[in-house]
Amino acid sequence: MHDIMVIGGGVMGCTTALRLAQGGLKVLLIEREGLCMQASGVNAGTLSVGIKRASLIQYAIRGSNLWRTTPEWAGFDAGFHQIGGLTLAFNDEEAEMLTERMDARKANGAPIEMVGLNRAKEIEPGISNKAVLAAYCPIDGYANSNEIGSGFRGALKRAGVEIKEFTRVDGVEREDQGYAARTPAGIFRGKRVVIAGGVWLEELLKRDFGINIPITCRTNMVSVTERLPPVMRNVLGIATSLLTLKQSTNGTVLIGGGWQGKGDTKRGGYEIVPENLLSNLRLACYVIPELRKARIARTWLGIEGNTQDVMPIVGDIPGSPGAFVIGAVRGGFTIGPCMGMLLAQYILGKEPELPLFDPTRVIVPDDTIERVAS
Amino acid sequence: MTQSYDVIVLGGGPAGVRAAIAARRQGLTVAVIDEGRRPGGQVYRAPNFTVSAADLDANPDLVRGERLRADFAGSGAELFARHRAWFAAPGIKVSAAGPEGATWFESRALILATGTSERAIPVPGITLPGVIGLAAATVLLKAHGAVPGSPTLVAGVGPLLYAVATSILKHGGQVAAVVDLSRPGEWAAALPGMISRPDLLARGLGWMLSLKRAGIPIHHGSTVTAIRGDVNVQEVEICPVDGNWAPIAGARRKTIAAKGVAIGHGLTPASEFARILAIPHRFSAERGGWIPTLAPDRKAMDGVYIAGDCAGISGAAAAEIAGTLAGLSAARDLGALTDAKYAELALPVSRSLARAERFGWTISKLMSLRPGLARAIASDTVVCRCEDVARETIDDAAKAGATHVNQLKSLTRCGMGPCQGRSCGEAAAEIMAADTNTSREAVGAWTARTPLRPLPLDVLLGSYVYEDILKPPPLPA
Amino acid sequence: MPEISSPPPEAWRRDPHVARGPLVQILVDGLPLEAHDGEPLIVALGAAGCLAMRRSPKAGTPRGAFCLMGSCQECLVHVDGAPVEACMELVRSGMRVELDRLARDLRKLSER
């Protein structure tokens, strides 16, 4: 019998499990695939504080700091690079939106400076001359999302967490002593349980805990070029948040921005939507004209889940004592390690540094769900 | 901007061309997309030079290729040459990038005829400039009329060894040796299967004979264990192998001087588009690796048909016939052929396909990869060329807990480079299967990613202004 | 690229019996090279003994054409500023080919 089981081995599940083990608990982590192979591993790795939702700025600042300091708290290097972030507006309407959104973020503590084209070109010489306004956030950067799975695997093992990868959980049931997780590899038991099932949270919470929290599945496309000589220095974005762009240390340029492909929770991301891909790539080449000379090497799809209010759910699962949920964090890669830390603090009986996100607010009664579905 | 056809065929090799002709003959409009300049694919690749009567006399492949091209030219099917398909989705939508930019297609049926990739299991020195694939050597010789660095050592498995060595001599080059993994007994055991196509069998025997006559050393049951040279190839070390193709420990190794190497260890289906379309695959070592599942009439899913080596290695002769069958099946499903008429046309085709497949499958079985070759890869030998990932890095990933090749990719970047793992996929999967003490089925296959091959953004995006770009409503602030 | 009267043995050799396009001049790293109009660039380079196109990004080892069918990406060069596979690109008069710097150094070495 473990003290606690964590179901789901993405960034949220891994950091929660690690912090709980560091707090002295005997932890079992069960993951359907490999650690951080879904949204946590296939996202573009951008750590942008300057484009997060205003109400999540403090979480993002802490999350970004945690990626910087993984060698201290997790014993591995996540490839953190702080390179600064520049967000551009190309017309008056976008400039107005940029100012308004950045003001809200600044009010919540984001270190953002509004700059004109000349200053923006000093910060990022390769950008298009057509930008009319920019916001500069010096603490933005990135980490190597595709390598964190192995980093967490080592960290968790060192902390004494038992890891079951490629193990599907078919059901979680409440028992006298706590919870039992049924898997093809047998039944595992824990006194408590954390559900960190990413975009699959809706299914898991409905199946095992009888609560309905609608999660919208978003299928994001990310593209990467082949290696290029240096064409940019910062993380770049645009006012509408429809672009993230950065060059990794290996020379490849990652292009994202939440453009939608086709995907669902059954099949994952399964189809590129070419008109969206083209728009994404056109925006990228519009911002950094030099990119037109590059070749695109790969486009892939990752799915993420949003609640109805597009805010996280982190806290107790109502009606199931000793069961917790964590997930649905937009910008989850940046913020994830912070959420894992906060939930672990809560479970370990400490006061979380920042408030959690009570899932009760987004629970929809059963009959509403059925009516919507029919 | 979008071009509409009844049928789109991806690949202008023997399977694709015959599929196009068969569908076109039933009155359907057909477009073939191929990156080459003329139809023919790799095996019947159109020469880059003017063909003489003497060339045709000497080379039955050239005759077949010319016939294929003539038939295609008369068919009324359209060829989008120098176009690389980079996107395909059910529905059916296809996009291809050509010299003038991207072309968008829509169609009612899609026929995949994308051929093969060559497998080359790495040995020390295989990345030296001057070492080329065996299939590459056939392109260099047949299409470009040029020979590799001379003398050339020709190594690997299958009939291509003898075709390439013979062709090098014919084009004025020298052959240092042929190093064949198969033993004479294995060739002899394949004879009954090859008798189904006496013409092809006779040709193969002819190659062997002409090499014997020219005094070319042939080392059977042997493999290359190292290619040495500072800047260029200088010498090649070979060693006898056991029945698993593992170099025999303690056996005497021989060093052969060479200035060029052509090396290949069989073919593997290039089924990337089938994977992108989420068509289920199964593993078949005897057919070259992961193969898409399809019905006997070549249908793999609604509106999608697969023909030729990309459905499992069965050779060029079978590819042509399977192409015809795929074209007929598409025509039937699109209403251009009645079921009765289809049955009448398809029956003889299916029969000759069975004969050709018997031959092709015999060769494919002879070439199917045995585990000793990849297990013998040394720790410091580079497996993934694009990302310089050595064997030991793959071993470390397996030790760290990776059990699937996609995990290996994210842990090590093996297979993540611009070739998308086409060069190293087979070797990496074999190593993973050995390291995890499982099977090729268990370690799986890499996810294929659009655009499959690097695609110039300039070509893809065309000219545009900011206002042209789609801008969905932004997410909440 | 200087004219090499007798190419080194590792160079590829064009079969003299094969009819080819007229000789034209191309520029390889700024140096003139004679090649046949319409032949694959990789043949022009290979026949001049220029087998290393680039170096690998991490280990920096020399690389050249391997698959000759646009798959392996080992023969990537720049032509008139754009990245292309030398095996898929055809020679045309005056084209400007740029190899990896290492390949250039290697060729200088082999010319000495």
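Quick caveat: nothing in here was measured; it's all calculated off a predicted structure. All chains are named by letter (A, B, ...) in the order of the sequence lines, taking the proteins before the strands, and each is independently numbered beginning at 1. Because only heavy atoms are used, hydrogens play no part in the values below, and waters and symmetry mates are left out as well, while side chains stay in.
Of the listed residues (C75(C), C67(C), A47(C)), the one with the most heavy-atom contacts under 4.5 Å to chain B is C67(C). Comparing K170(B), R84(B), R45(B) by heavy-atom pairs within less than 4.5 Å of chain C, the highest count is held by R84(B). Ranked by non-hydrogen atom pairs under 4.5 Å with chain C, the options Q420(B), E387(B), R82(B) are led by E387(B). Contacts with chain B were tallied for G64(C), A59(C), A65(C), C87(C); A59(C) has the most, counting heavy-atom pairs under 4.5 Å. Annotation: maximal heavy-atom pairing with chain C below 4.5 Å, among V233(B), V131(B), I126(B), occurs at V131(B). Note on G417(B), P418(B), G264(B), A146(B): by heavy-atom pairs under 4.5 Å with chain C, the leading option is A146(B).
S423(B) touches chain C through its side chain: at least one heavy atom from C-beta onward sits under 4.5 Å away, while N, CA, C and O do not. Heavy atoms of V389(B) lying under 4.5 Å from chain C are absent altogether. Interface residue C72(C): backbone and side-chain heavy atoms are both found under 4.5 Å from chain B. In this structure, chain C has a heavy atom under 4.5 Å from the side chain of A120(B), while its backbone stays farther away. Both the backbone and the side chain of E35(B) come within less than 4.5 Å of a heavy atom in chain C. Residue contact with chain B, scored on non-hydrogen atoms closer than 4.5 Å, is absent for L76(C).
Residue-environment remark: CZ (R228(B)) exceeds the threshold of 12 foreign heavy atoms within 6.0 Å.
Taking CG from D388(B) and OG1 from T61(C), the interatomic distance works out to 5.0 Å, rounded to the nearest 0.5 Å. Rounding to the nearest 0.5 Å gives a distance of 3.0 Å between CZ of R37(B) and CG of L90(C). Taken from NZ in K259(B) to CG in L51(C), the straight-line distance is 11.0 Å, to the nearest 0.5 Å. We find the CZ-CD distance between R422(B) and Q73(C) to be 6.5 Å, quoted to the nearest 0.5 Å.
T127(B) places none of its side-chain heavy atoms less than 4.5 Å from the side chain of S56(C).
Residues meeting the side chain to side chain donor-acceptor pair (under 3.5 Å) test with E272(B), sequence neighbours left out: none.
Nearest heavy-atom pair across M69(C) and V139(B) is CE-CG2, 3.9 Å.
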Should K58(C) and R413(B) be marked as a side-chain contact (heavy atoms from CB on, under 4.5 Å) after you check the CA-CA gap, both sets of side-chain angles, and the distance that decides it? CA-CA 12 Å; K58(C) 284 184 185 161; R413(B) 294 189 68 83; 3.9 Å; yes

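Using a distance-only test at 3.5 Å, with no hydrogens or angles considered, no donor-acceptor pair links the side chain of N232(B) to the main chain of E10(C). A side-chain donor-acceptor contact under 3.5 Å links R63(C) to the backbone of R385(B).
Using non-hydrogen atoms only and a strict 4.5 Å limit, the part of residues 11-22 of chain C facing chain B consists of A11(C), W12(C), R13(C), R14(C), D15(C), V18(C), A19(C), R20(C).
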